[in-house]
Amino acid sequence: GENVEQHPSTLSVQEGDSAVIKCTYSDSASNYFPWYKQELGKRPQLIIDIRSNVGEKKDQRIAVTLNKTAKHFSLHITETQPEDSAVYFCAAISGGSYIPTFGRGTSLIVHP
Amino acid sequence: EAGVAQSPRYKIIEKRQSVAFWCNPISGHATLYWYQQILGQGPKLLIQFQNNGVVDDSQLPKDRFSAERLKGVDSTLKIQPAKLEDSAVYLCASSFWTGGTGELFFGEGSRLTVL
């Protein structure tokens, strides 16, 4: 089955800095890569996603890049704000099995 | 539109007791998932339904966990007997897509504490 590795487990930045979270996947059939944000005590919510036919996608301060050859994808947050503090999960979904596999999560802490 | 509903939100039981969680997905969503989220870890898929059929339950501990989705709508997840390591948040999610790709909508979760 699919295996998703996510790094780092914890990321501490100053407000205004950029943050990068990286994930790798194992199944070459995976073709959909969403990112979820989970604030403390709340449900995970989708913040951005990318499909395998696209190399990069941006949405305001958030961007995701995908390298299919290397089987890795990354979340980039620019001009971080304290409200960006949360746990971020990457996931990979195989076009064959359609089963979402999540990474272990990255706890992002943005210091004011 | 209404989101994914789960109940109960919190449950405390003794080991070896049983517990059941209920999930009502977003109307029209064919795919329903149960995830186990242990503190500090990512969600781990327990079972995935497509309408009322099982797509994957390879990580469901079938000696103690069971799940069903009657009529392709609501779902229940049962644990019997519970172990200490079952302490976790049980997240239900639903998705509209029936084989392509799409957003998972999560419920608030059911937090289980096994003493």
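Order of the sequence lines fixes the chain letters, A, B, ..., with proteins taken first and strands second; residue numbering starts at 1 for each chain. Only heavy atoms go into these numbers, but all of them, side chains included; no hydrogens, no water, no symmetry mates. Just so it is clear, the structure is predicted and the values come from calculations on it, not from any experiment.
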Practice task
Under the side-chain contact (heavy atoms from CB on, under 4.5 Å) rule, what do B:Q37 and A:F89 come out as? Steps first, then yes or no, please.
Solution key: CA-CA 12 Å; B:Q37 187 175 25; A:F89 295 99; 3.2 Å; yes
Practice task
Find out if a path of hydrophobic residues (ILVMFWY) with successive side-chain heavy-atom gaps under 4.5 Å connects A:F33 to A:I62.
Solution key: yes
Problem - More than 12 heavy atoms of other groups within 6.0 Å of A:L40 CG - result: no
Handout entry: Within 6.0 Å of CG in B:L115, more than 12 heavy atoms from elsewhere
Key = yes
Handout entry: Exceeds 12 heavy-atom contacts within 6.0 angstrom, atom CD of A:Q60
Key = no
Exercise for the section: Pick one of side chain, backbone, both or neither for B:V4, based on which atoms fall under 4.5 Å of a heavy atom in chain A. Expected result: backbone
Handout entry: Separation between CD1 of A:I99 and CD of B:Q59, rounded to the nearest 0.5 Å
Key = 9.0 Å
Problem - B:E68 CD: over 12 foreign heavy atoms closer than 6.0 Å - result: yes
Completion exercise
The reported gap from CG in B:L104 to CG in A:D49 (rounded to nearest 0.5 angstrom) is 11.0 Å
Fill in the blank from the handout: Ranking A:P34, A:P100, A:G103, A:G105 by heavy-atom pairs under 4.5 Å to chain B gives rank one to A:P100
Fill in the blank from the handout: Interatomic distance, CZ@A:F102 vs NZ@B:K44, rounded to 0.5 Å, equals 14.5 Å
Problem - B:K71, NZ atom: more than 12 neighbouring heavy atoms under 6.0 Å - result: no
Problem - Region of A:Q38 in contact with chain B, defined by heavy-atom distances below 4.5 Å - result: side chain
Problem - More than 12 heavy atoms of other groups within 6.0 Å of A:K22 NZ - result: no
Practice task
Starting at CD of B:Q6, measure out to CZ of A:R43 and round the result to the nearest 0.5 Å.
Solution key: 8.5 Å
Practice task
Please flag which part of B:Q48 lies under 4.5 Å from any non-hydrogen atom of chain A: side chain, backbone, both or neither.
Solution key: side chain
